[in-house]
Amino acid sequence: MHDDAMLVERRIRRELSERLMPAMYSASVPMQVTAWDAPGEPVPYAEAMAGIASEGREFTIGDKWSRPWGTTWFRFATDVPAAWAGESLEAVIDLGFHPDSAGFQSEGLVWAPGADGRGEPVQGIHPRRTGLALPHAAAGPLEIVVEAASNPAFPMVGTRFGHLGSRKTAGDRPLYVLRQASLAVRDDNVFHLLLDVEVLLGLFTALAPTDKRRQRLLREMESAFNAIDLYDIAGTTVAARRLLQPALALHARDGAHQVVAVGHAHIDSAWLWPIRETVRKCARTFASATRMMDAYPEYRFVCSQAAQYDWMERQYPPLFERIRERVATGQWQPVGAMWVEADMNLPSGESLARQMIYGQRYFESRFAKRCDEVWIPDVFGYPASLPQIFKAGGCDRFITQKLSWNKQNRFPHSTFQWQGLDGSQVLTHFPPVDTYNATVVGEELVFSEKNFKDHGWSDWSLMPYGHGNGGGGPTREMIERARRFADLDGAPRVTPGTTDEFFSRVEAEIAAGAPVPVWNGELYFEMHRGTLTS
């Protein structure tokens with residue numbers, strides 16, 4: 001009867017989701033909505049603005065919009081109250097998102113008028129990013145334009161919804177309901193309390209039940225929640241955050257593992273959607289990444305596949321220029337050296353060589369630098385000839401992750417020299433977080449440290465974080481959590497950085513005499529068998 005730990009944890013989780021999260025916005029007003037449906041394939045911004053002006057219809061929250069694979073352009077309008085000027089304002093837009101599966105459902109892109117009339121992408125709207133921050137909103141009229149894609153949320157397996165995979169068979173029944181479009185005031189104290197609790201609750205969940213730190217965390221969170229008046233959350237949040245500060249102030253333990261957290265958004269160039277939709281997924285994700293660098297100067301983002309940059313250059317020139325600017329400042333790192341993240345088993349050596357030739361030429365011509373690393377986290381096995389090809393293409397570093405999914409034989413290393421048939425070696429890393437879509441939570445970080453297989457000689461690992469395949473990439477919440485995990489007891493130390501910074505740390509260890517292991521021959525993947533024939 002004295003062990004109430006389970007009850008306390010349940011209470012914290014319940015009040016967090018049911019009371020604190022809804023209190024993040026202290027006030028809101030609905031926006032007026034005008035909608036225009038693109039008649040066929042997606043259209044440019046200027047054509048959409050003309051369509052809204054001539055054929056736009058009034059739209060009501062709760063109405064259904066667009067057919068499968070269709071596009072609806074929304075114009076949201078309201079007046080910013082004078083009393084709200086200077087507050088933390090956000091436009092909150094919910095296109096009818098499902099709570100999970102970011103990247104496998106509807107997506108939106110916010111546009112702003114451009115100098116040439118073609119418009120400029122601002123930020124993606126996704127299930128994990130429904131808020132558009134408006135830091136400079138002045139009192140008076142406000143308009144926001146969103147290009148909304150009605151991509152089906154069909155399941156990844158089974159055939160029940162297989163007809164939704166093609167426009168020819170998907171039908172015209174609308175899939176989504178516009179659930180919310182409002183201008184809101186964000187309560188920053190509640191926002192940061194939510195992040196404080198998420199960090200500590202994730203750490204609590206990851207630690208062993210007998211760990212002193214875990215038991216103390218529960219009682220510190222309990223004290224904070226006792227201080228919250230659920231009928232006056234805004235008025236009691238500061239006191240609750242103050243009670244959590246001792247838990248957030250404990251430094252990481254001596255010798256704690258070091259994690260370089262790099263923003264990433266893995267986007268398959270061809271998978272469950274038309275290629276034109278891959279292009280739009282890139283635009284939404286990359287616009288969000290560049291915009292977030294304004295708010296978080298320490299944020300770093302890496303992106304592979306020269307083909308995707310080429311799409312941006314051709315179809316979204318203003319966004320491509322923003323990417324170039326961020327590459328120049330060091331906030332954005334082109335990686336991978338290849339035209340696309342190619343399969344490694346089916347193509348010939350000639351084909352793989354051309355992937356690197358065309359990829360490296362593109363990166364050098366656009367960004368005045370070539371890649372030092374091959375980045376292919378999501379391919380299905382790696383022949384022994386690859387180190388030689390990688391080295392010939394100018395890359396002596398290699399990152400992948402997929403072998404952590406092996407069914408029978410667990411690969412014995414996280415960081416090692418991979419040696420090819422001719423003796424060529426590339427410094428190789430398998431991120432021990434075991435995903436290229438991490439979210440920077442305590443459970444992932446503690447697992448990453450426990451799962452790292454080379455503590456005997458190295459202190460460093462990489463964590464690629466962000467929702468992929470159109471899920472929008474990293475979110476502000478991930479970056480905020482990374483700030484709190486920079487030096488926190490019970491977790492590895494987290495440093496924002498790039499793959500180049502990570503490999504430089506490991507190479508310094510090797511230069512100091514660390515005994516880096518060497519693996520000879522093929523890296524065989526024991527999963528996804530039969531994919532090349534089916």
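In this structure a side-chain-to-backbone donor-acceptor pair under 3.5 Å is present from Asp63 to Thr60. Side chain of Ser288 to backbone of Gly472: no donor-acceptor contact under 3.5 angstrom is found. The backbone N or O of Val440 sits less than 3.5 Å from a side-chain atom of Arg481, completing a donor-acceptor pair. At least one donor-acceptor pair closer than 3.5 Å links the side chain of Arg493 to the backbone N or O of Ala252. Using a distance-only test at 3.5 Å, with no hydrogens or angles considered, a donor-acceptor pair links the side chain of Tyr176 to the main chain of Asn151. A distance-only check finds no donor-acceptor pair linking the side chain of Gln308 to the backbone of Val279 [under 3.5 Å]. With hydrogens and angles ignored, the 3.5 Å screen pairs no side-chain donor or acceptor of Gln333 with any backbone N or O of Arg300. With hydrogens and angles disregarded, no donor-acceptor distance shorter than 3.5 Å links the side chain of Thr72 to the backbone of Ala148. Formation of a donor-acceptor pair under 3.5 Å by the Asn189 side chain with backbone atoms of Val238 is not found in this model. Side chain of Thr400 to main chain of Ile376: a donor-acceptor pair is present (N/O by atom type, distance under 3.5 Å, no hydrogens or angles).
Under the 4.0 Å criterion applied to side-chain N and carboxylate O atoms, Arg483 and Glu298 are assigned as salt-bridge partners. For the pair Arg324 and Glu321, the salt-bridge criterion is met [side-chain N within less than 4.0 Å of a carboxylate O]. Between Arg284 and Glu277 there is a salt bridge, since at least one side-chain N of the basic residue sits less than 4.0 Å from a carboxylate O of the acidic one.
In this view, His251 satisfies the ring pair (Phe, Tyr, Trp, His ring centres under 6.0 Å) rule with no residue, not counting sequence neighbours. Under the rule for a side-chain hydrogen bond (donor to acceptor under 3.5 Å, both in side chains), Gln245 has no partner lying at least two apart in sequence or in another chain. Glu501 is linked by a side chain to side chain contact (heavy atoms under 4.5 Å, CB included) to Thr498, counting only residues two or more places apart in sequence or in another chain. Here Arg410 pairs with Asp434 under the side chain to side chain contact (heavy atoms under 4.5 Å, CB included) rule; sequence neighbours left out. Annotation: salt bridge (Lys or Arg N to Asp or Glu O under 4.0 Å) contacts of Arg75 (sequence neighbours excluded): none. Residues that satisfy the side-chain hydrogen bond (donor to acceptor under 3.5 Å, both in side chains) test with Asp378, not counting sequence neighbours, are His266, Lys402, Tyr436. Applying the side-chain hydrogen bond (donor to acceptor under 3.5 Å, both in side chains) test to Ser17 and every residue at least two apart in sequence or in another chain returns nothing. In this structure, the ring pair (Phe, Tyr, Trp, His ring centres under 6.0 Å) partners of Phe301, at least two apart in sequence or on a different chain, are Trp332. For Phe416, the ring pair (Phe, Tyr, Trp, His ring centres under 6.0 Å) partners are Phe411, Phe430, not counting sequence neighbours. For the side-chain hydrogen bond (donor to acceptor under 3.5 Å, both in side chains) test, residues two or more places apart in sequence or in another chain that qualify with Glu480 are Tyr296, Arg484. Remark: Tyr465 engages no residue in a ring pair (Phe, Tyr, Trp, His ring centres under 6.0 Å) (not counting sequence neighbours).
Within the 4.5 Å cutoff, side-chain heavy atoms of Pro464 are placed close to those of Pro431. You'll find the side chain of Tyr45 stays beyond 4.5 Å of the side chain of Pro121, heavy atoms only. Contact of the Met463 side chain with the Leu445 side chain is registered, since non-hydrogen atoms from C-beta on lie closer than 4.5 Å. Looking only at side-chain heavy atoms (C-beta outward), Ile228 and Leu193 come within less than 4.5 Å of each other. With contacts defined as side-chain heavy-atom distances shorter than 4.5 Å, the pair Glu220/Leu243 does not qualify. In this structure, the side chains of Val516 and Thr415 stay at 4.5 Å or more apart for every pair of heavy atoms.
Residue pairs meeting the side-chain hydrogen bond (donor to acceptor under 3.5 Å, both in side chains) criterion with at least one partner in residues 76-89, sequence neighbours excluded, are Ser88-Asp188.
Between Leu319 and Ala283, the closest heavy-atom pair is CD2-O, 3.7 Å. Heavy-atom minimum distance, Glu90 versus Arg186: OE2-NH1, 3.1 Å. Pairing each heavy atom of Gln215 with each of Pro209, the nearest pair is NE2-O, 3.3 Å. Across Ala265 and Thr285, no two heavy atoms sit closer than the pair CB-CG2, 3.4 Å. Minimum heavy-atom separation, Val327 to Lys369: O-NZ, 4.2 Å. Minimum heavy-atom separation, Ser304 to Gly336: CB-CA, 4.3 Å.
Counting non-hydrogen atoms of other residues, nucleotides and ligands closer than 6.0 Å to CZ of Arg10 gives a total of 12 or fewer. Annotation: Arg216, atom CZ; neighbour count of heavy atoms from other residues, nucleotides and ligands within 6.0 Å does not exceed 12. Arg505 CZ: 12 or fewer foreign heavy atoms inside a 6.0 Å radius.
Each of Arg322, Arg326, Arg476 was scored for a salt bridge (Lys or Arg N to Asp or Glu O under 4.0 Å) with Asp294, with one residue passing: Arg326.
Ring geometry, Phe104 versus Trp271: the interplanar angle exceeds 60°, so the pair is classed perpendicular (tilted spans 30 to 60°). The aromatic rings of His429 and Phe502 are tilted relative to each other, their planes meeting at an angle between 30° and 60°.
With rounding to the nearest 0.5 angstrom, the CG atom of Leu132 is 5.5 Å from the CD1 atom of Ile125. To the nearest 0.5 angstrom, Leu109 atom CG is 12.5 Å from Phe286 atom CZ. Atom CZ of Phe97 is separated from atom NE2 of His126 by 7.5 Å, given to the nearest 0.5 angstrom. Distance check: Leu230 CG to Glu15 CD gives 4.5 Å after rounding to the nearest 0.5 Å.
A side-chain donor from one of Thr205 and Arg13 sits under 3.5 Å from a side-chain acceptor of the other. For the residue pair His257 / Ser448, no side-chain donor-acceptor distance below 3.5 Å is found, with atom types taken as modelled.
Phe367 and Tyr309 have their aromatic ring centers within a separation under 6.0 angstrom.
In this structure, Arg214 is positioned above the aromatic face of Phe204, its NZ or CZ under 6.0 Å from the six-membered ring centre and within 45° of the axis.
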Give the intermediate values and the outcome of salt bridge (charged side-chain N to carboxylate O under 4.0 Å, His left out) for residues Arg280 and Glu147.
-> CA-CA 10 Å; Arg280 297 205 294 178; Glu147 177 189 16; 2.8 Å; yes
Starting from the C-alpha separation in whole Å, work towards a yes-or-no answer on side-chain hydrogen bond (donor to acceptor under 3.5 Å, both in side chains) for Glu444 and Thr439.
-> CA-CA 8 Å; Glu444 292 172 344; Thr439 56; 3.1 Å; yes
Please report the C-alpha distance between Asp187 and Thr237 in whole Å, then the side-chain angles of each, then the deciding distance to 0.1 Å, and finally whether the side chain to side chain contact (heavy atoms under 4.5 Å, CB included) criterion is met.
-> CA-CA 10 Å; Asp187 187 320; Thr237 300; 5.5 Å; no
